[in-house]
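Okay, structure first, notes after.
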Amino acid sequence: MSRVVDPTPDAIEAAAARLRAGHPVAFPTETVYGLGAGTLDAAALEAVYTLKGRPDDNPLIAHVAGAAAARALVTRWDTRCDALVERFWPGPLTLVLPKAAHVPDRATAGLATIAVRAPRHPVAVDLLAAYGAAISAPSANRSGHVSATTARHVADDFADVADLLVLDGGPCAIGLESTVLDLTGATPVVLRPGSVTEEALGRVLGPVRVLRIDTQAASPGTSMRHYAPRTPCVCVETEELVAMLAETAHPVAVLCFDTNAVPSPHRPIAMPQGAGTYAAQLYDALREADRMSVERIVIERPPETNEIWKAIVDRIRRATA
Ligand code: AMP
Ligand code: MG
């Protein structure tokens, strides 16, 4: 059984002690929950891969207290990094930079680059301070499954794991994984869209390139099927929804904007109209739909009217791939 605890000072100290002893710990960030181990502790990182069932070639994000700690993990840090960190850290922006030699290969899945981010969730901040070094953490879900945005989600995914400590920091405020920005070349490249948008990055950096979803081999974890519920899942336009539900005899779970559009026996899950709140609730809604034991999950396609919606639709595409 996983052990979910309130993030009291004692619990955070206990979590740091577990990290020092080489045991993975789950903790909240503002994006999603992370399953962390010391960035320099290759054996503990191996345990994270084993626990998640994470493919060997999928690299981790190193969580750091701030720019100084990030610089210690990389060999190049330029004025673009200073400007980005000044504007977006602590927060949901991950920078990919050339990795320093002392960082073990296991922290980067053998890549010559490392992804670094300073989270702003107070529990993550306190844990980094108590541990006193970088913590590499993928999302705290079983590999391929929907990311965890509550401590309960983590405990559900790792119910069979003896004695995994989960710091409960409440539901994640953002609920979408961080924006990943590759700064190893002359032009910055967004490898994974997130709540730090291309437009916001552009204001600091000038032009940035956004990798198309099907060309994301550069960021291995962005493989097409990802963030997926266990139940088969499709996404349909609002106009198609009503006809589709009318034709479907078996109950399906429907993530929709208007529950009145969903007749019985189908099971509506009301989704918010605002992109920020939709993002914060998406993974919880997918997990709830999964628990309904229906044959299919149907997601009403959100508008792609701003970049947060685009990041959301990116995750929906992967959930339905
Ligand atoms: P997760 O924390 O589970 O969202 O996974 C972290 C993701 O960050 C990976 O799946 C990659 O997409 C990305 N990432 C981490 N390190 C690198 C890197 N060195 N180069 C490119 N992408 C990376
Ligand atoms: Mg993940």
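Read the numbers this way: they start at 1 and go in the same order the structure lists the ligands and their atoms.
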Check your understanding: Arg18 side chain to Ala14 main-chain N or O, any donor-acceptor pair under 3.5 Å?
Key ->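 Answer holds: no.
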If the cut-off is 4.0 Å to any non-hydrogen atom of [X], which atoms of ligand 1 fall inside it?
| X | result |
| --- | --- |
| Leu111 | 18 (C), 19 (N), 20 (N) |
| Ile61 | 6 (C), 8 (O) |
| Ala137 | 2 (O) |
| Ser139 | 1 (P), 2 (O), 3 (O) |
| Leu191 | 21 (C), 22 (N) |
| Thr113 | 18 (C), 19 (N), 20 (N) |
| Ala115 | 15 (C), 16 (N), 17 (C) |

Check your understanding: Does an N or O from Arg192, backbone or side chain, lie closer than 3.5 Å to an N or O of ligand 1?
Key ->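 Yes, Arg192 has an N/O under 3.5 Å of an N/O on ligand 1.
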Check your understanding: From Ser139, does some N, O or S atom reach closer than 2.8 Å to the Mg ion (ligand 2)?
Key ->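 Coordinating: yes.
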Exercise for review: Decide ring pair (Phe, Tyr, Trp, His ring centres under 6.0 Å) for Tyr283 and Tyr33; before the verdict, give the C-alpha distance in whole Å, the side-chain angles of both, and the deciding distance to 0.1 Å.
Suggested key: CA-CA 12 Å; Tyr283 293 145; Tyr33 274 69; over 10 Å; no
Point to revise | Arg20, CZ atom: more than 12 neighbouring heavy atoms under 6.0 Å | key: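 Yes, because the 6.0 Å sphere around CZ of Arg20 holds more than 12 heavy atoms from other groups.
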Check your understanding: Around atom CD of Glu86, are there more than 12 heavy atoms of other residues, nucleotides or ligands at under 6.0 Å?
Key ->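 No, CD of Glu86 has 12 or fewer neighbouring heavy atoms, counting only those of other groups under 6.0 Å.
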Residues [X] and [Y]: side-chain donor-acceptor under 3.5 angstrom:
| X | Y | value |
| --- | --- | --- |
| Asn141 | Ser139 | yes |
| Asp6 | Thr8 | no |
| Arg192 | Ser178 | yes |

Point to revise | Lys/Arg-Asp/Glu bridge criterion (N-O < 4.0 Å) met for Glu304, Arg317 | key: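 Looking at Glu304 and Arg317, the cut-off is met.
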**Study point:** Carboxylate-amine/guanidinium contact Glu240 Arg301, below 4.0 Å
**Key:**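 The answer is no: the pair does not qualify as a salt bridge.
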Review point. So which of Pro59, Ala107, Pro138 gets nearest to atom 2 (O) of ligand 1, if we judge by its closest heavy atom?
Key: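 Among Pro59, Ala107, Pro138, the closest heavy atom to atom 2 (O) of ligand 1 belongs to Pro138.
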Exercise for review: Have a look at Lys52, Arg54, Lys99 and point out the one with the heavy atom closest to atom 6 (C) of ligand 1.
Suggested key: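 Of the listed residues, Arg54 has the closest heavy atom.
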**Study point:** Heavy-atom gap Leu60 to ligand 1 smaller than 4.0 Å
**Key:**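 So Leu60 counts as touching ligand 1.
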Check your understanding: Is Asn58 touching ligand 1 with its side chain, its backbone, both, or neither, if touching means heavy atoms under 4.0 Å apart?
Key ->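 Contact part for Asn58 vs ligand 1: side chain (C-beta onward).
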